[in-house]
Amino acid sequence: MPQPAHQPAPSTPVAARATRTTGRFPRRTTPPPAPTHLLQAAAGPTAAPARTPCLPHSPPCRAANTHPPAWRKCTRTLVNSRPCWHERREPQTPHFQGTTPTMSKVRTRFAPSPTGFLHIGGARTALFNWLYARHHGGEMLLRIEDTDRERSTQAAVEAIIEGLKWLELDWAGEPVSQFSRRERHLEVIRQLLDAGHAYYCQCTPEELAEMREKARAEGKPVRYDRRCRELGLCPPHDKPLVVRFKAPHEGEIVIHDLVQGEVRFPAEAMDDLVLMRADGTPTYNLAVVVDDHDMEITHVIRGVDHLTNAARQTMIYRALGWEVPQMAHIPLIHGPDGAKLSKRHGALGVEAYREMGYLPEAMRNYLARLGWSHGDDEIFSTDQLIEWFDLDAVGKSPARFDFAKLESVNGWWMRNLDQEKLLRRFIDWLPHAPAEQRERAETALKKLEDENTRARFEKLLPALRERAKTLRELFDLAWFLFAGRPLEMNAKARKLLNDDARALLAELHGRLSALPEWTEDTLEQAVRTYAEEKELKLGKVAQPLRAALTGSNVSPGIFEVLEALGREESLARIADQAA
RNA sequence: GCCCCCAUCGUCUAGCGGUCUAGGACGCCGGCCUCUCACGCCGGAAACAGGGGUUCGAGUCCCCUUGGGGGCGCCA
């Protein structure tokens, strides 16, 4: 399992292989679409359209001539105030360690932005990426999309990594910080500018807001009106400049999606999106294209909320002359009310599910079934998931998150997981118990170090697990094994222990202490005989006994409990409650 | 407002033109088992959103309506 290290390893010159565009994914069966009638001119730098001259007041710049040496002069001020490109050193790009590309290998990536915990939708996206890669013998990479410096936090990065680890979704190499690849992104922006696929724009956020408002009021599509597109602006300039992509004027962008099928976006719907902000930082859509390309991602699997980004990114790929990766946009997960998943419905961080006592295998099982199916099958081991998962069985309609079903699936895994593994899961869970159980959990953890207690627990585990839907319930059910005397009684247990019951316990204590052998069988025989003699139904005897032994009205079979607890402890507990 | 996507029991889904009086699972209701609670087993209620086409034949294909969702940032 990779460590959450964020220091890029010493670099392989990513840039060097970054421009390779052919023969990289020979295993592809469906070649990427080429509806290039509108973007033919965008085939690459060599096919760039004519340059527009600079404005009179600007000094000559790259946009105006084709001499490479002019670069330096110009790039000095490309980023309005900050000189970031003037020294043309090799960009420090992360080395995608351990992921030496094999031509035919499927490479997916999970690319969360670290602005919060790993929520349930993100977890499923990660799972699908992971399963798809595994199914095809490839690998999943992890990229942290931390270009939004305001909202990205290290704590979130750690929470995401922690969440993935809990779900046991591993990735190849080190996590890649998108922010750390900034230089490379700027380099590509420069390339785009150079080729005439991008231009400087001087519009301010205020002007743009005004533009949008007007368009909306007139019922027109809300888009940038491209007023700077042919101005030939370039830095230095009296206003801050951004770099925009030149979207095609006509035709359409067609994306071939493995889940959504063929989706067409008319060119009129495409905006001249910003590639570089006024502060000189690259934007998401540009960064994603560059990173996916450099990381040699073959399949981009993400939420449908990115579908329009797919169209935008496709334009950028084409302008760069790069091959577009296969794409799959999976439906989103909704809350029980069909609306967006809200906090109280399940938009919780995966650590919350861990706390609630769900098992990773159950989580994977449930999440996989949300939007994907394999006939009538409901329960899947991870190996089966890997064997059977594929994008063609992923539906297009959104699914609602259903706690009841999750719980049921979890219950199945509670009952059927390998005993050793369940034990380990339980012990691993204890330190993550919810706050109100933390104290007891610590006690249990300590008690489990005691061989005797541990043996009791293991002995009763088969009976306990059958009654628990979650690790948390298992813990509640098992608590009486760890609790000290005198046992705390719950309300129903107290009610059970009336005077008659206490008197009965006193008699029973006598009988049981006389027993030569303390086994489930001898105990059952003794108790049954006692009940018959007293002409009582077994329940009348078992329930007070249960209360005395477990402090509860619910437990595994009473004779099992008696045996597991042992003679000494059992008799002591009975004596505690006897009259 | 504009663009895109979706639509089978309450929920997740099977169904890829005839085998559908629509199957499974969760949940719900009834029962059996029984020392409690579970597990397990048996049974039940419960759906093709509506309207037009196409076809000998439509849950399955097409169109419209309605309803949901996503997107329209110098966020990702």
Side-chain angles (χ1 to χ4, degrees), chain A residues 111-115 145-148 150-152 178 201 203-205 208-209 212 215-224 240-244 257 260-261 263-266 268-271 273-281 283-285 287-288 303-309 311 329 331-332 334 336 338-340 366 369-379 395-409 411 415 463-469 473 477 492 496 524 527-528 531 537-547 550 552-559:
Chain A
S113 60
T115 54
E145 312 236 301
D146 52 356
T147 54
D148 184 342
E150 295 291 304
R151 300 195 297 152
S152 299
Q178 187 161 67
C201 165
C203 297
T204 63
L208 294 170
R212 276 191 282 268
R216 215 178 280 265
E218 290 172 5
K220 283 195 244 173
V222 182
R223 266 179 286 111
Y224 174 58
L241 297 177
V242 302
V243 174
R244 280 185 187 274
D257 193 285
Q260 303 292 327
V263 185
R264 295 163 180 276
F265 291 88
E268 303 87 63
M270 304 311 296
D271 216 341
L273 65 256
V274 171
L275 301 176
M276 188 190 78
R277 305 183 185 93
D279 68 359
T281 57
T283 59
Y284 165 78
N285 278 298
V288 167
V304 262
D305 49 334
H306 283 290
L307 195 63
T308 47
N309 285 331
H329 289 86
L332 266 19
H334 292 168
K340 226 169 124 184
Y366 175 71
R369 279 286 289 118
L370 231 44
W372 172 81
S373 63
H374 184 263
D376 281 341
D377 298 335
E378 297 286 350
I379 298 293
K396 291 206 246 181
S397 46
R400 301 183 189 200
F401 189 84
D402 182 11
F403 264 109
K405 179 95 176 211
L406 203 213
E407 198 153 284
S408 147
V409 172
R415 270 173 266 127
L464 255 13
R465 63 191 296 179
E466 193 167 292
R467 294 164 168 78
K469 288 239 162 50
E473 284 180 19
L477 248 17
K492 287 186 176 162
L496 241 24
E524 174 156 7
V527 174
R528 280 195 191 276
K537 287 179 91 175
L538 187 56
K540 285 288 177 199
V541 184
Q543 282 304 81
L545 209 42
R546 172 166 284 118
T550 69
S552 165
N553 56 314
V554 175
S555 84
I558 200 64
F559 309 114

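Each chain gets a letter, A, B and so on, in the order its sequence line appears, and its residues count up from 1. Because the structure is predicted, anything quoted here is derived from the model rather than measured.
- Across the protein-nucleic acid pair, A/Arg400 atom CZ and B/G67 atom C1' stand 11 Å apart, rounded to whole Å.
- Only the C1' atoms considered, B/C9 is 5 Å distant from B/A46, to the nearest whole Å.
- Rounded to a whole angstrom, the distance from the C1' atom of B/A22 to that of B/G31 is 27 Å.
- Residues A/Tyr284 and A/Asp148 fail the side-chain proximity criterion, which asks for heavy atoms closer than 4.5 Å.
- Residues A/Leu307 and A/Val263 meet the side-chain proximity criterion, which asks for heavy atoms closer than 4.5 Å.
- If you check B/G40 for Watson-Crick or wobble pairing at under 3.5 angstrom, you find it paired to B/C32.
- Of all nucleotides listed (B/C74, B/C35, B/U13), B/U13 comes nearest to the side chain of A/Ala399.
- For A/Arg415 against B/C39, no side-chain N or O and base N or O form a donor-acceptor pair under 3.5 Å.
- If you take CG of A/Leu538 and C1' of B/C35, they are 4 Å apart, rounded to a whole angstrom.
- To the nearest 0.5 Å, the span separating CD1 on A/Ile558 from CG on A/Leu545 amounts to 4.5 Å.
- At least one side-chain heavy atom of A/His329 sits less than 4.5 Å from a side-chain heavy atom of A/His306.
- For the pair A/Asn285 and A/Leu275, the minimum side-chain heavy-atom distance is 4.5 Å or more.
- In summary, the aromatic rings of A/Tyr366 and A/Phe403 are positioned with their centroids too far apart to meet the 6.0 Å limit.
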For nucleotides 20-26 of chain B, which of its nitrogen or oxygen atoms have a protein nitrogen or oxygen under 3.5 Å away, and what is each distance?
from  : atom 1 : to       : atom 2 : distance (Å)
B/G23 : N2     : A/Asp376 : OD1    : 2.7
B/G24 : N2     : A/Glu378 : OE2    : 2.7
B/A25 : O4'    : A/Glu378 : OE2    : 3.4
B/A25 : O2'    : A/Lys405 : NZ     : 3.3
B/A25 : N3     : A/Lys405 : NZ     : 3.1
B/C26 : O2'    : A/Lys405 : N      : 3.4

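- In this structure a side-chain-to-backbone donor-acceptor pair under 3.5 Å is present from A/Ser552 to A/Val554.
- B/A58 and B/G18 have their C1' atoms separated by 10 Å, given to the nearest Å.
- Within the 4.0 angstrom heavy-atom criterion, base atoms lie near A/His306.
- For the pair A/Phe559 and A/Tyr366, both in contact range of RNA chain B, the more 5′-proximal nearest nucleotide belongs to A/Tyr366.
- Distance check on atom C1': B/G40 versus B/C33 gives 8 Å, rounded to whole Å.
- For the pair A/Arg465 CZ and B/C39 P, the computed distance is 15 Å after rounding to whole Å.
- Taking CG of A/Leu538 as the start and NZ of A/Lys540 as the end, the distance is 12.0 Å to the nearest 0.5 Å.
- Each of B/C3, B/A38, B/A76 was ranked by its minimum atom distance to the side chain of A/Thr283; first place goes to B/A76.
- Comparing A/Arg223 and A/Asn309 by the nucleotide of RNA chain B that holds the closest heavy atom to each, the one mapping nearer the 5' end is A/Arg223.
- Pairing partner, B/C16: none, since no Watson-Crick or wobble contact has both distances short of 3.5 Å.
- Rounded to a whole angstrom, the distance from the P atom of B/G30 to that of B/U13 is 29 Å.
- Counting atom types as modelled, A/Arg467 pairs a side-chain N or O with a base atom of B/C37 as donor and acceptor under 3.5 Å.
- Residue A/Arg546 contributes atom CZ, which lies 11 Å from atom C1' of B/A38 at whole-angstrom precision.
- One atom, CG of A/Leu241, and another, P of B/C74, lie 15 Å apart when rounded to the nearest Å.
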